[in-house]
Amino acid sequence: MHLTVEPRVLYFGTPVVLLSTSNEDGSANLAPMSSAWWVDRSCMLGLDETSQTTKNLIESRECVLNLASSDLAGAVDRLALLTGSRVVPDHKLRKGYRYEPDKFKAAGLTETASERVRPPRVAQCPVHLEAVVDRVHPFGEADSGLVAVEVRVVRVHVEESLLVPGNRRHIDADRWDPLIMKFCELYGDSRNVHPSRLASAWGLGRSGA
Ligand SMILES: Cc1cc2nc3c(=O)[nH]c(=O)nc-3n(C[C@H](O)[C@H](O)[C@H](O)COP(=O)(O)O)c2cc1C
């Protein structure tokens, strides 16, 4: 039997991306996000328009999509309640977010240079997609505060151990264990791999409280 329900979020499960962008002063910002999907060489990123990441994407038109494997759940969670915005927006202040200028350090992650764009890659992520911004679309209702940023991948780096041996065109799905955000919880291999600060802050934990 199906019930008609009113879920608070419709996040049924998408891979976690650590999005690196360049701030105005050339330093790097890094933010976890999960509203991402790919078709061909393009990717659509669903973003809060008040995020530093969104501002950087609109201004610098470049980013790196660093795909997190499930063993990086702790690092992702350390970034959950941080923002690169010096002035923390009210809706984030109320949830306990704070300004952090060095998110790589805060997460315990390492910057490595990109080849085609300025923002750095995250060394610990097994997949790096260097990308440029093609278009920024309004998203959702008129006052949603959301945008959909369409990016085009210009370079792909994959940890060698994920490849079918000797084949640079084929990633072995069995070897790729993406970190998945289901509702606001963190899963890998379909197991809840780490408590989620995001879920606690937004009152969207597994208890449904
Ligand atoms: C696992 C996870 C997934 C997230 N997914 C998104 C998302 O898809 N879109 C978004 O705008 N924010 C998402 N967030 C929230 C951002 O990370 C948060 O707004 C952060 O403060 C942005 O940092 P910035 O202001 O430095 O860009 C997610 C957070 C976590 C922990």
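Nothing fancy with the numbering, it's 1 onward along the sequence. What you are looking at is a predicted structure, and each value in this text was computed from that prediction instead of being measured. Note that ligands are numbered from 1 as they come in the structure, with each ligand's atoms numbered from 1 the same way.
Annotation: atom 8 (O) of ligand 1 to nearest protein heavy atom, Ser35 N, 2.8 Å. Looking only at heavy atoms of the protein, atom 18 (C) of ligand 1 is closest to Lys92 NZ, 3.7 Å. What sits closest to atom 14 (N) of ligand 1 on the protein, heavy atoms only, is Pro32 O, 3.4 Å. At the top of the distance list for atom 6 (C) of ligand 1, counting protein heavy atoms only, stands Met33 CA, 3.4 Å. Considering only non-hydrogen protein atoms, atom 27 (O) of ligand 1 sits nearest to Thr53 OG1, 2.5 Å.
Using a cut-off of 4.0 Å between Lys/Arg side-chain N and Asp/Glu carboxylate O, Arg135 and Glu150 are scored as salt-bridged.
Residues Ser190 and Lys182 approach most closely at OG-NZ, 4.1 Å, considering heavy atoms. Scanning all heavy atoms of the two residues, the minimum distance from Glu111 to Ala28 falls at OE2-CB, 4.0 Å. Contact between Ala106 and Leu82 at its shortest, heavy atoms only, is CB-CD1, 3.8 Å. Here the closest heavy-atom approach between residue Ser20 and residue Pro119 is recorded as O-CB, 3.5 Å. Contact detail for Cys63 and Leu65: the closest heavy-atom pair is SG-CD1, 3.6 Å.
An N or O contact shorter than 3.5 Å is missing between Ala31 and ligand 1 by distance. Residue Thr83 has at least one N or O atom closer than 3.5 Å to an N or O atom of ligand 1. In terms of polar-atom proximity, defined here as any N/O pair under 3.5 Å, Leu47 makes no such contact with ligand 1. Considering backbone and side-chain atoms together, Leu30 places no N or O closer than 3.5 Å to any N or O of ligand 1. Between Gln52 and ligand 1, an N or O atom pair is found at a separation short of 3.5 Å.
Considering Gly84, Gly145, Ala80 only, the shortest heavy-atom separation from atom 26 (O) of ligand 1 involves Gly84. Heavy-atom proximity to atom 3 (C) of ligand 1, evaluated over Glu185, Arg197, Lys55, Met181, is greatest for Met181.
Ligand 1 places these atoms under 4.0 Å from at least one heavy atom of Asn29: 24 (P), 26 (O), 27 (O). Interface atoms of ligand 1 facing Gly46, defined by a heavy-atom separation under 4.0 Å, are 7 (C), 8 (O), 9 (N), 10 (C), 11 (O). In summary, the atoms of ligand 1 found under 4.0 Å from a heavy atom of Asp48, numbered by their order in the structure, are 11 (O). Within the listing of ligand 1, atoms 21 (O) sit less than 4.0 angstrom from a heavy atom of Tyr97.
Ligand 1 has Lys103 within reach: a non-hydrogen atom of the residue lies less than 4.0 Å from it. Contact analysis leaves Glu100 out of contact with ligand 1, as no non-hydrogen atom separation drops below 4.0 angstrom. For the pair Leu82 and ligand 1, a heavy-atom separation below 4.0 Å is found.
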Q. Hey, mind stepping through Ile171 and Leu163 against side chain to side chain contact (heavy atoms under 4.5 Å, CB included) and telling me if it holds?
A. CA-CA 4 Å; Ile171 296 161; Leu163 296 174; 3.9 Å; yes

Q: Show the numbers, then the answer: is there a salt bridge (Lys or Arg N to Asp or Glu O under 4.0 Å) between Arg155 and Glu115?
A: CA-CA 8 Å; Arg155 178 136 301 178; Glu115 292 177 2; 2.7 Å; yes

